[in-house]
Chemist: 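Before I ask anything, let me first share the structure, which is written out below as structure tokens.
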Amino acid sequence: PAQSLSPMLINTVSLQLKSGDSGEVSDGLIQLAAANEARVETSTTQLMSGVSKVVTVRVSPEKVDSILAGVKSLGCQTEPMQGIQDVSQEYSRLKSRWTEVEAEISRLKSKDPLNTDESDKLKAMIFEKSYLQDKMSGLEENTKMVAINIVITEEPNH
């Protein structure tokens, strides 16, 4: 039976920064995040106009203002845009796959003895179940945090 899950939402704040040295700003953001017990995820994109770096800081709601103040202190103009990221469908897909995997693990465990292929499949399923559990836990954890997405565009003459 398909159970209806409550919506899984992640509050987000998006900022745009321009800097002559995105690495320096990124390092500053990482230090700022560490000081506020936040988790950091980074990615870099090559754009026609130069390099753009995205730093996502996942922080508890009560530390958001501290992070935003810190970003401003890095000397960058910021116009925060509040938003919400809905991860309900992703969570639902993970959950239904987890249920399928769990059923297959139970089916395989009930067979005795297992042939080599079944034994290998059982190991793979147990690994996948653990992976799915980690992904679901990560999403659950992220819904308790605020994701601050900071896009740093490098401008040599800034």
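Note that these values count all heavy atoms, side chains included, but never hydrogens, waters or copies made by symmetry.
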Chemist: Keeping Asn36 on the side-chain end and Ala38 on the backbone end, is there a donor-acceptor pair under 3.5 Å?
Modeler: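 Side chain of Asn36 to backbone of Ala38: no pair is present.
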
Chemist: Of all heavy-atom pairs between Pro61 and Val146, which one has the smallest distance, and what is that distance?
Modeler: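 That closest heavy-atom pairing would be CA-CG2, 3.9 Å.
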
Chemist: Just distance, no hydrogens or angles: give the donor-acceptor pairs under 3.5 Å from side chains in residues 23-35, sequence neighbours left out.
Modeler:
none

Chemist: Which one of Leu17, Leu15, Val54, Thr56 satisfies the side-chain contact (heavy atoms from CB on, under 4.5 Å) criterion with Val151?
Modeler: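 Single side-chain contact (heavy atoms from CB on, under 4.5 Å) partner of Val151 among Leu17, Leu15, Val54, Thr56: Val54.
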
Chemist: Measuring from atom CG of Leu108 to atom NZ of Lys123, what distance do you get when rounded to the nearest 0.5 angstrom?
Modeler: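 Here the interatomic distance stands at 12.0 Å.
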
Chemist: Between atom CD1 of Ile150 and atom CD of Gln16, what is the distance when rounded to the nearest 0.5 Å?
Modeler: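 So the gap between those two atoms works out to 11.0 Å.
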
Chemist: Shortest non-hydrogen contact from Val101 to Met125?
Modeler: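 Heavy atoms of Val101 and Met125 come nearest at CG1-O, 3.3 Å.
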
Chemist: I want to check something: taking the side chain as every heavy atom from C-beta on, are Lys121 and Glu104 in contact at a cut-off of under 4.5 Å?
Modeler: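 In contact.
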
Chemist: Does Thr12 reach the main-chain N or O of Ala147 with its side chain, forming a donor-acceptor pair under 3.5 Å?
Modeler: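 A pair under 3.5 Å: no.
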
Chemist: Which value, rounded to the nearest 0.5 Å, describes the distance between Asn149 atom CG and Gln85 atom CD?
Modeler: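 Output value for this atom pair is 7.5 Å.
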
Chemist: Using the rule that two of Ile, Leu, Val, Met, Phe, Trp, Tyr join whenever any of their side-chain heavy atoms come within less than 4.5 Å, decide whether Met81 and Val71 are in one cluster.
Modeler: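 In one cluster with Met81: Val71, no.
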
Chemist: Hey, are Arg93 and Glu90 close enough for a salt bridge, meaning a charged N less than 4.0 Å from a carboxylate O?
Modeler: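 Looking at Arg93 and Glu90, the cut-off is not met.
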
Chemist: Any side-chain heavy-atom pair from Asn11 and Gln82 closer than 4.5 angstrom?
Modeler: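 Not in contact.
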
Chemist: Over all heavy atoms of both residues, which pair between Pro7 and Ser88 is shortest? Give the atoms and the distance, please.
Modeler: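 Heavy atoms of Pro7 and Ser88 come nearest at CA-OG, 3.3 Å.
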
Chemist: Using atom types as modelled and distance alone, determine if a side-chain donor or acceptor of Ser119 lies under 3.5 Å from a backbone N or O of Thr116.
Modeler: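 No; zero donor-acceptor contacts below 3.5 Å.
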
Chemist: What's the separation between atom CG in Asp65 and atom CD1 in Ile67, rounded to the nearest 0.5 Å?
Modeler: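 These two atoms lie 10.5 Å from each other.
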
Chemist: Which ILVMFWY residues are connected to Ile84, directly or by a chain of links, through side-chain heavy atoms under 4.5 Å apart?
Modeler: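 Members besides Ile84, by chain and number: Leu9.
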
Chemist: Answer yes or no: does atom CD of Glu118 have more than 12 heavy-atom neighbours from other residues, nucleotides or ligands under 6.0 Å?
Modeler: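 Yes, CD of Glu118 has more than 12 neighbouring heavy atoms, counting only those of other groups under 6.0 Å.
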
Chemist: Indicate yes or no for a side-chain donor-acceptor contact from Ser60 to the backbone of Met145 under 3.5 Å, with no hydrogens or angles considered.
Modeler: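 Checking the backbone N and O of Met145 against the side chain of Ser60, no donor-acceptor pair under 3.5 Å is found.
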
Chemist: Ser130 side chain to Ile126 main-chain N or O, any donor-acceptor pair under 3.5 Å?
Modeler: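 Side chain of Ser130 to backbone of Ile126: no pair is present.
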
Chemist: Table please: side-chain donor-acceptor pairs of residues 132-141 below 3.5 Å, with sequence neighbours left out.
Modeler:
from, atom 1, to, atom 2, distance (Å)
Gln133, OE1, Trp98, NE1, 3.3
Ser137, OG, Gln133, O, 2.9
Glu140, OE2, Tyr91, OH, 2.3

Chemist: Drop me the distance from Leu114's CG to Lys109's NZ, to the nearest 0.5 angstrom.
Modeler: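 Going from CG on Leu114 over to NZ on Lys109, the span is 10.5 Å.
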
